[in-house]
Peer 1: 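Take a look at the following structure, please.
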Number of protein chains: 2
Amino acid sequence: MADVAEKAGVSRALVSIIFRNQAGASQETRERVLRVADEIGYRPDSAARLLARGRSRTLGVMFTVQQTFHTDLITGIYPEAERLGYDVLLSGATHGRSEAKAVEALLSHRCEAVILLGPDAEPAFLDELGRRTVAVSVSRRVPRARVDFVHSAEGKGVRQAMDHLVELGHRRIVHIDGGRGPGSAERRRAYRAAMRRHGLQAQARVIPGHHTEESGIETGRLLLAERDGGRLLPTAVLAGNDRCAMGLLMALTRAGVEVPRDLSVVGYDDSHLSHLMPIGLTTVRQDALLMAEHAVRFAVERLEEREREPREAVLDPKLVVRGTTGPVPEGPGPA
Amino acid sequence: MADVAEKAGVSRALVSIIFRNQAGASQETRERVLRVADEIGYRPDSAARLLARGRSRTLGVMFTVQQTFHTDLITGIYPEAERLGYDVLLSGATHGRSEAKAVEALLSHRCEAVILLGPDAEPAFLDELGRRTVAVSVSRRVPRARVDFVHSAEGKGVRQAMDHLVELGHRRIVHIDGGRGPGSAERRRAYRAAMRRHGLQAQARVIPGHHTEESGIETGRLLLAERDGGRLLPTAVLAGNDRCAMGLLMALTRAGVEVPRDLSVVGYDDSHLSHLMPIGLTTVRQDALLMAEHAVRFAVERLEEREREPREAVLDPKLVVRGTTGPVPEGPGPA
DNA sequence: GCGCGCTACTAGCGCGCTCTAGTTCGAGTA
DNA sequence: TACTCGAACTAGAGCGCGCTAGTAGCGCGC
């Protein structure tokens, strides 16, 4: 920068002004300085810039690698952040890299706010993070933590799915839950409520699971083993999310159970996996783009108006009926 | 930092030493300082640190959101980078965010090296980037660009797949290519060579495509339309990658074509999608972990020994036979 | 008693930039 | 002419660290 200033015959301050596109330099000088900078190959050092101005205008996003729904969200985060003049830094949690670590990385890179996609961390961790910086949690709601929330009305989504199944004649509807996964608790609760509302509380059954394909596969195996042991298969399964539904479908189809003839399956997310299944997965759509926009806006607004209280956005999900749900099989099911 | 120093009754320099895990502080002081820092919530500012020491020890990774294989790679990049003492920053290219933009973001955050996962950019762009900084390209080889390459021996992979198909009796084997996608050119070439080697050059057919599910679906539709127009379906398809294979499977299955009874399909990547298909996708495995490790190591070694010439790692892929390939159908195929 | 080497610690400059509080100068105004 | 004013520009402090060159204190051998 000093080189540029010297070579252009101006002060460093003026170079700074020009590179920040600020008023206070004549058009002529501006062009000259930019030309010189280009010759030298000068690019402002964002580290120094960041240090000097105290603000990074950077949002950190923590996500779980492999969660397809997260990539949908990220796609929406970039443009909205750019629109508001913010940079985005991504940090992935993987098997060997905890969420805490991923967040730590973001923070030490001076992200002003952190957007957590489907965080799996302790409420206390979230709350502390929320006090230390501006934080937004997407998909997971943690009641008393000091963070913004963006999630969908799980209850409504599950209700739509359940109504759809009941309307098709299903009674033995099982729910594979998502364990401690984001939204799981609400979905579980809504499933139980729906069963009750339809007078099916006696048949309600929640099988513990996770938001992974593996979990779907396992549950599929479990159900098949039970069937072989004489227990009736359910006629419909409400999976914890799409990935779980995919795993289940795989296990069942492999064993000769035909979907939706023998059994109906509903997923959750409408991650872009869903339309991939040969017959298309019936699922509950969460509008990733809208959720992403809300998350970014929440973060930025709290950043620019520091005293603002955290808010909560609850978006309405929507059942998308595709090929994995159908009328209940006629017979009482295989022996 | 000054606060920590004061509160712990030491100098800032000592705090610095302790946070850098350097020798020169007693165990006792070390613990006291760390305790105080924790209380205050102090965390070293990486911008300032970076500015002061001139090195960021940060690797930038550009990837394409939605490319499942990339998330497999990222999973491998983190631990290897950490092992070598480097931080990782992720920047995604999405539909509305070009690779150039994603890379620019990394550079302006002072990444010392950039690892590009399956870059789709112009050779000239890559070369220029490689001259400006240390760059590694994974999956895509660009002959004369000044960057390291890590990719798999596409030729070997394709050859294994083709041998497998021919052994099963297939003759009408079609290849959906990946357009300008990483590895596509090599795979295309290897496909043609394999057809020739098996004396099938007359039947060789490359259908232009992309590395997306949509492309697979489209090709499926195309083949079905051709069949309805009287042309024979191929008996086997070598897809450009797993996503394309998935799309193809979806389109075919939906139309009543049974895989592998009526038609065999081979993917490429063994991204973690592959084992999800009800019958499991036969595919060519690229070892993501190993590729990730190589990429990180290449970047770091060039960083630490600046005059080093860029290198190239070619890893052997391996055919994984699952459920989408089978013996050629007996008849000449449906009318 | 002296120098020696060692560990534990400190003073203070400088990294490349931004920003505040200026200065300079020429045109416009009373 | 004397003044004001705004546009164009500058000096220099300071952002939060790392690092070099030191000092203080202590046990050691001779």
Peer 1: Okay, side chain of Asp148(B), backbone of Arg311(B): is any donor-acceptor separation there less than 3.5 Å?
Peer 2: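 Looks like yes, one N/O pair under 3.5 Å.
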
Peer 1: Please report how far the helix from dG1(C)-dC30(D) to dA30(C)-dT1(D) bends, comparing the axis fitted to its first five pairs with the axis fitted to its last five, to the nearest 10 degrees.
Peer 2: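 The two end axes of the helix from dG1(C)-dC30(D) to dA30(C)-dT1(D) meet at 50°.
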
Peer 1: Which residue pairs pass the side-chain hydrogen bond (donor to acceptor under 3.5 Å, both in side chains) test with at least one member in residues 8-18 of chain A, sequence neighbours excluded?
Peer 2: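 Those involving residues 8-18 of chain A are Ser16(A)-Arg20(A).
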
Peer 1: If you restrict it to nitrogen or oxygen atoms, what contacts under 3.5 Å exist between nucleotides 22-25 of chain D and the protein, and what is each distance?
Peer 2:
none

Peer 1: For the pair made of CE in Met1(A) and P in dG14(C), what is the distance, rounded to whole Å?
Peer 2: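 To the nearest whole Å, that distance equals 18 Å.
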
Peer 1: Rounded to whole angstrom units, what separation is found between the CG atom of Asp3(B) and the C1' atom of dC17(D)?
Peer 2: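 So the two atoms are 14 Å apart, to the nearest Å.
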
Peer 1: Counting N and O atoms only, with roles assigned by atom type, does the side chain of Arg131(A) sit under 3.5 Å from a partner on the main chain of Arg146(A), one being a donor and the other an acceptor?
Peer 2: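 Checked: no pair found.
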
Peer 1: Find out whether Phe19(B) and Leu34(B) are in side-chain contact, i.e. whether some heavy atom of one side chain is under 4.5 Å from a heavy atom of the other.
Peer 2: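 Phe19(B) reaches Leu34(B) side chain to side chain.
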
Peer 1: So, Arg97(B) and Ser91(B): side-chain donor and acceptor under 3.5 Å apart, yes or no?
Peer 2: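 Yes.
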
Peer 1: Strictly below 4.0 Å: does Ser16(A) bring a side-chain N or O up to OP1 or OP2 of dT18(C)?
Peer 2: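 Result: yes.
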
Peer 1: Report yes or no: do Thr29(A) and Ser26(A) form a side-chain donor-acceptor pair below 3.5 Å?
Peer 2: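 Ser26(A) and Thr29(A) do have a side-chain donor-acceptor pair below 3.5 Å.
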
Peer 1: Whole Å only: how far is the CD1 atom of Ile18(A) from the C1' atom of dA7(D)?
Peer 2: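 To the nearest whole Å, that distance equals 14 Å.
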
Peer 1: Would you jot down, in residue-number order, the residues of residues 20-38 of chain B having a non-hydrogen atom under 4.0 Å from DNA chain D?
Peer 2: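 Close to the strand are Arg20(B).
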
Peer 1: Report yes or no: do Glu80(A) and His294(A) form a side-chain donor-acceptor pair below 3.5 Å?
Peer 2: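 Distance-only check fails for Glu80(A) and His294(A).
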
Peer 1: Measure from CG on Leu14(A) to C1' on dC19(C) and round the result to the nearest Å.
Peer 2: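 Rounded to whole Å, this separation is 14 Å.
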
Peer 1: In this structure, how many angstroms lie between the C1' atom of dA11(C) and the CD1 atom of Ile17(B), rounded?
Peer 2: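 That distance rounds to 12 Å.
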
Peer 1: Please tabulate the protein-to-nucleotide N/O contacts below 3.5 Å involving nucleotides 13-15 of chain D, giving atom names and distances.
Peer 2:
from    : atom 1 : to       : atom 2 : distance (Å)
dC15(D) : O2     : Ala52(A) : N      : 3.4

Peer 1: Does the side chain of Asp72(B) pick up a donor-acceptor pair with the side chain of Gln286(B) at under 3.5 Å?
Peer 2: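 No pair is found: no donor N or O on one side chain lies under 3.5 Å from an acceptor on the other.
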
Peer 1: Output yes when a side-chain donor or acceptor of Glu112(A) lies under 3.5 Å from a complementary backbone atom of Ser56(A), and no otherwise.
Peer 2: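 It does hold such a pair.
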
Peer 1: Leu50(A) CG to dT18(C) P: how many Å, rounded?
Peer 2: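 Interatomic distance, CG of Leu50(A) to P of dT18(C): 11 Å.
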
Peer 1: Can you tell if the side chain of Val147(A) reaches within under 4.5 Å of the side chain of Leu116(A), non-hydrogen atoms only?
Peer 2: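 The answer is no, as the side chains (C-beta and beyond) never meet within the 4.5 Å cut-off.
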
Peer 1: Only one of His211(B), Gln66(B), Gln67(B) forms a side chain to side chain donor-acceptor pair (under 3.5 Å) with Arg243(B), so which one is it?
Peer 2: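 So, applying the side chain to side chain donor-acceptor pair (under 3.5 Å) to Arg243(B) and each of His211(B), Gln66(B), Gln67(B), only Gln67(B) qualifies.
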
Peer 1: To the nearest Å, give me how far apart CG (Asp45(A)) and C1' (dT18(C)) are.
Peer 2: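 Whole-Å distance recorded here is 13 Å.
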
Peer 1: Please list all pairs passing the salt bridge (Lys or Arg N to Asp or Glu O under 4.0 Å) test where one or both residues lie in residues 26-43 of chain A, with sequence neighbours left out.
Peer 2: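 Residue pairs with at least one partner in residues 26-43 of chain A: Lys7(A)-Glu39(A), Arg43(A)-Glu104(B).
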
Peer 1: Does any part of the side chain of Glu186(A), heavy atoms only, come nearer than 4.5 Å to the side chain of Ser184(A), both counted from C-beta?
Peer 2: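 Contact flag for Ser184(A)/Glu186(A) side chains = no.
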
